[in-house]
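Each ligand, and each atom within it, is numbered from 1 in the order the structure gives. All residue numbers in this chain count up from 1 along the given sequence.
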Amino acid sequence: MYDKITPPTTGSKITFKNGEPVVPENPIIPFIQGDGTGIDIWPATEKVLDAAVAKAYKGTRKISWFRVYAGDEACDLYGTYQYLPQDTLTAIEEYGVAIKGPLTTPVGGGIRSLNVALRQIFDLYTCVRPCRYYAGTPSPHKTPEKLDVIIYRENTEDIYLGIEWKQGSEIGDRLIKFLNEELIPATPEHGKKQIPLDAGIGIKPISKTGSQRLVRRAIKHALLLPKNKQQVTLVHKGNIMKYTEGAFRDWGYELATTEFRQETVTERESWILGNKEKNANLSSEENARMIDPGFDSLTPEKKAQIVKEVETTLNTIWESHGNGKWKEKIMVNDRIADSIFQQIQTRPDEYSILATMNLNGDYLSDAAAAIVGGLGMGPGANIGDSCAIFEATHGTAPKHAGLDKINPGSVILSGVMMLEFMGWQEAADLVKKGLGAAIANGQVTYDLARLMEPPVEPLKCSEFADAIIKHFG
Ligand SMILES: NC(=O)C1=CN([C@@H]2O[C@H](COP(=O)(O)OP(=O)(O)OC[C@H]3O[C@@H](n4cnc5c(N)ncnc54)[C@H](OP(=O)(O)O)[C@@H]3O)[C@@H](O)[C@H]2O)C=CC1
Ligand SMILES: O=C(O)CCC(=O)C(=O)O
Ligand SMILES: [Mg+2]
């Protein structure tokens with residue numbers, strides 16, 4: 001079955017039932033060490049996770065690690081250009097849950113991203129990236145503890161589908177000609193627009209199915225959170241990209257107000273209901289004026305549309321959501337992408353789950369991680385219906401590779417997410433406790449040490465792992 005790798009002789013498979021993992025006491029879990037700093041981070045991660053499982057379950061549970069290869073080390077073993085060997089894909093498919101270090105992607109040419117390829121091959125459509133603060137972590141922000149968000153990033157489409165043509169390529173030029181001469185003139189709203197003849201071209205597909213399955217997961221997660229965090233914000237640049245990013249927003253609201261009608265309220269609905277609650281005699285038009293500040297300067301058609309929105313809301317959900325009942329529901333709102341970058345800095349505590357398309361989520365997850373201490377503290381998970389691969393937000397950080405210096409926190413916390421996904425909460429809690437205590441004690445790697453006041457002597461990557469284990473208690 002495998003060409004160059006052999007599964008562990010002990011252990012068994014994690015399987016999936018209705019999208020949920022069924023985990024044996026001794027699961028076999030494939031791991032990819034990763035390029036660059038993977039060589040430092042992975043051994044530290046494995047040591048911490050094994051120690052936590054051993055302490056939490058006293059030998060009744062154990063992970064059997066199965067080393068599989070991707071990136072540079074796969075080429076060393078399998079031959080030139082064998083960046084993602086079939087052995088690796090077979091192992092991940094067979095064992096269902098895997099964890100990986102970062103993999104290099106060249107800029108401007110060369111191979112497409114192996115990280116993105118894995119997400120697409122296994123249809124891992126949800127990328128979950130929590131950004132929360134561990135006490136004592138130094139941060140460039142004054143109140144980093146106020147940020148506690150989980151980014152739900154669509155993981156399989158958008159420009160990451162990688163459908164692009166190079167400037168000057170034969171097909172790229174044909175496509176530009178076709179668009180300029182046929183499709184753009186046939187679309188009146190595009191007027192006399194033309195694509196420059198020396199442009200590279202990329203396609204940005206955003207589907208209803210892809211958007212809604214992501215938002216569905218985000219809402220289901222919100223249902224599990226404490227009441228004050230039950231909120232899903234749809235992040236988009238729909239003012240500019242109306243039929244991709246704008247559609248993502250609309251499909252998100254559509255899903256929330258159909259599949260989750262009893263559990264959700266949209267922000268605009270909450271305003272309409274709240275206005276009515278404060279003044280039972282409020283007319284629909286007065287209510288419409290209150291939810292839309294520019295109401296009086298709108299066209300009659302647009303005004304009528306907003307009045308109708310008010311009436312429809314009151315007619316359909318007053319009974320189930322009115323008289324304050326909406327305050328117990330999951331709030332679904334939306335924010336324009338550029339605005340959310342400043343909102344998570346200026347009003348961090350107003351946000352909880354941020355549901356995004358692929359590119360926006362990629363940008364936003366690095367930015368949010370920076371607020372709570374940097375990329376060394378940014379874990380993540382790629383989750384589908386029958387497979388999950390856990391990996392950090394950051395990349396290979398090549399300049400730090402092999403120095404036993406980098407912060408393994410992000411991959412260790414990705415391991416925590418994996419343990420939680422498996423239902424091994426006791427082991428996950430031990431790691432969180434150990435990591436939190438190490439940081440609070442000033443035992444940190446260079447990235448956090450340089451921000452601490454007063455400055456502390458940094459630990460090596462491997463020493464940080466040992467400190468975490470010591471603080472299990
Ligand atoms: N999922 C994946 O595998 C990903 C892969 N990549 C790939 O990684 C490669 C390098 O990308 P690059 O743009 O340099 O981004 P990286 O995320 O690899 O690193 C950028 C900087 O972030 C900081 N950083 C990253 N990881 C850590 C960590 N564990 N602890 C502390 N600080 C950290 C370092 O900053 P400083 O030096 O200031 O301390 C580092 O120089 C590219 O090929 C890219 O495509 C990128 C993102 C995700
Ligand atoms: O695959 C890559 O090289 C980059 C991916 C990335 O930045 C991410 O997933 O956050
Ligand atoms: Mg990224």
Centroid-centroid under 6.0 Å between Tyr78 and Tyr83 rings: no
Modelled atom types, side-chain donor and acceptor of Lys193 and Asn180, under 3.5 Å: no
Pick from Asp362, Leu359, Leu114: the one approaching atom 6 (C) of ligand 2 most closely through a non-hydrogen atom: Asp362
Side chain, backbone, both or neither: Lys405 near ligand 1, heavy atoms under 4.0 Å: neither
For atom 6 (N) of ligand 1, closest protein heavy-atom neighbour: Gly395 CA, 3.4 Å
Part of Met377 with heavy atoms under 4.0 Å of ligand 1, whether side chain, backbone, both or neither: neither
Heavy-atom nearest neighbour in the protein, as seen from atom 29 (N) of ligand 1, with distance rounded to 0.1 Å: Asn407 O, 2.8 Å
Metal site the Mg ion (ligand 3): N/O/S of Asp366 inside 2.8 Å: no
Under-4.0 Å heavy-atom contact with ligand 1, by part of Asp447 that carries it: side chain
Of the N, O or S atoms in Asp362, the one nearest the Mg ion (ligand 3): OD1
Arg335 and Tyr351: side chain donor to acceptor below 3.5 Å: yes
For Asn115, atoms of ligand 2 separated by under 4.0 Å from a heavy atom: 1 (O), 2 (C), 3 (O)
Atom 43 (O) of ligand 1 protein-contacted, heavy-atom criterion under 4.0 angstrom: yes
Part of Asp366 within contact of ligand 1 (heavy atoms, under 4.0 Å): neither
Flag: protein heavy atom within less than 4.0 Å of atom 21 (C) of ligand 1: no
Close-contact set for ligand 2 against Thr393 heavy atoms, below 4.0 Å: 10 (O)
Aromatic ring proximity Phe66/Tyr95, centre distance under 6.0 Å: yes
